[in-house]
Amino acid sequence: MSTAQTPSTPAPLLWDIFCRVIDNFGDLGVCWRLSADLARRGHRVRLWVDDASALQWMAPGALQGAWPGVQVLRWEQSLLPQSLAHLVPADVWIEGFGCEIAPEFIAARAHSTWAPGPNGLNFPVWINLEYLSAEAYVERAHALPSPVMQGPAKGHTKYFFYPGFTRGTGGLLREPGLVAALQRWDDADAKRRWLAEHGVDWTDEFLVALFCYEPLALNALLQQWAAQPSRTRLLVSAGRATQAVQTALTTLGPLSPDSPLQITYLPPLSQTEFDQLLRCCDLNFVRGEDSLVRAIWAGKPLVWHIYPQDDDAHHAKLMAFLGALQAPPSLVQFHRLWNGVETLASEGNLAEWLPADLDAWRSAVQNLRDQLLQMDDLTTQLIEFVQKKR
Ligand code: TRH
């Protein structure tokens with residue numbers, strides 16, 4: 001295959017993506033998905049990360065260099081003069097979620113006598129990739145320049161890049177062909193096969209994926225699923241969700257083998273398998289940022305456990321998302337309880353809407369997904385943005 005570029009196909013670029021893991025998996029999850037998506041589109045990526053351990057299960061092979069086009073590097077290497085001296089200069093720098101590139105790294109580039117980068121450019125397009133929100137400020141702040149006032153890059157400009165749900169934002173990560181690929185799991189046999197391969201003996205119960213922090217309403221929900229006549233199988237993600245369910249069961253008591261609620265604890269899945277899991281289930285509980293986006297692509301009813309902030313700033317962010325989703329009142333109410341915006345007035349008012357309103361919940365997710373499919377995805381927009389700034 002020829003690698004020659006025509007005037008309409010912009011040359012592939014070299015990207016440095018920087019990621020610091022604050023907690024949980026979302027920072028790395030997003031930075032990895034972006035890296036892999038760029039590489040699949042022919043770009044080359046160096047992913048500098050302070051704790052890459054979760055990639056062992058999120059993207060098996062990534063740490064061993066098995067993903068063509070992506071090189072995972074330790075953050076500390078970005079501070080070492082000897083590792084910087086021979087580094088091919090990148091065309092783009094991405095700071096994931098406000099993590100700041102080490103001054104040593106910036107200085108090495110700013111003061112270097114390097115020849116211009118592979119595309120004839122002396123300084124990279126520098127982007128701060130922000131957190132996802134549906135709040136109104138996102139459209140105002142997206143793509144704004146931020147002049148660098150001090151340090152070795154003084155006089156250069158960074159740009160804010162905001163993911164989002166509307167055309168005035170940077171969009172959402174969505175690899176080409178993703179939604180079509182997920183549709184294969186609509187077939188009951190494919191789904192059964194996938195579940196069996198992952199140790200789930202599915203006998204047509206209502207399937208629920210649970211990826212959450214420690215929701216206060218969890219006990220009540222488990223209790224109700226265990227008490228209602230219809231059968232539910234809960235597929236619980238590894239880590240905090242598993243711990244939360246096990247803690248709840250110490251209060252509620254163990255489930256009997258013939259309980260209508262059966263629980264399977266999943267091992268950590270790769271991102272690809274995680275996406276497939278969401279497509280298999282009838283209802284998806286997700287959290288943070290990246291899994292929310294994946295649950296939208298899955299097109300199944302979803303409940304979001306938002307990442308909590310000390311000053312309750314997440315309440316406005318939650319309501320903004322529910323607005324974007326045009327969530328029916330029962331789904332809004334369920335989110336308020338699940339996220340502790342309000343507490344359960346009495347037991348018995350949490351799971352009772354689930355069967356009744358599930359169709360409306362599903363329609364809301366699918367309508368949002370269909371709107372989003374009309375927009376360019378984040379990687380496409382990012383590449384276009386960089387091309388314009390060069
Ligand atoms: O893990 P999260 O809660 O992550 C984050 C972080 O807390 C981050 O600091 C915060 O900024 C952000 O939330 C808002 O949830 P999230 O964002 O959904 O990330 C989880 C990632 O882990 C996602 O990429 C999917 C992946 N994953 C797997 O690949 N396999 C699995 O089995 C599971 C459970 C998740």
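Throughout, residue positions are numbered sequentially from 1 according to the sequence presented. This is a predicted model, so every value here is computed, not measured. These numbers come from the heavy atoms of this one structure, side chains and all, not from hydrogens, waters or symmetry mates. First listed ligand is number 1; within each ligand, the first listed atom is number 1.
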Trainee: Between Phe321 and Trp304, is the ring centre distance below 6.0 Å?
Mentor: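 Close enough - the centres of the two rings lie under 6.0 Å apart.
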Trainee: Determine whether the aromatic ring centres of Trp126 and Trp93 lie less than 6.0 Å apart.
Mentor: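 So the answer is yes for these two rings.
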Trainee: So, Tyr307 and Asn24: side-chain donor and acceptor under 3.5 Å apart, yes or no?
Mentor: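 Looking only at side-chain atoms, Asn24 and Tyr307 do not form any donor-acceptor pair under 3.5 Å.
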Trainee: Are Ser330 and Gln333 close enough that a side-chain donor and a side-chain acceptor fall under 3.5 Å?
Mentor: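 On atom types as modelled, these side chains do not qualify, holding no pair under 3.5 Å.
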Trainee: Return the protein residues near ligand 1 (heavy atom under 4.0 Å from any of its atoms), ordered by chain and residue number.
Mentor: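 Correct list: Asp23, Asn24, Phe25, Gly26, Asp27, Gly29, Trp57, Met58, Tyr131, Phe211, Tyr213, Ser237, Pro268, Leu269, Ser270, Gln271, Phe274, Arg287, Gly288, Glu289, Asp290, Ser291, Tyr307.
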Trainee: Would a distance-only check, ignoring hydrogens and angles, find a side-chain to backbone donor-acceptor pair under 3.5 Å from Trp297 to Leu173?
Mentor: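 Side chain of Trp297 to backbone of Leu173, a donor-acceptor pair under 3.5 Å: yes, one is there.
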Trainee: Ring centres of His142 and Phe161 under 6.0 Å apart?
Mentor: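 Between Phe161 and His142, which both carry aromatic rings, the centre distance is below 6.0 Å.
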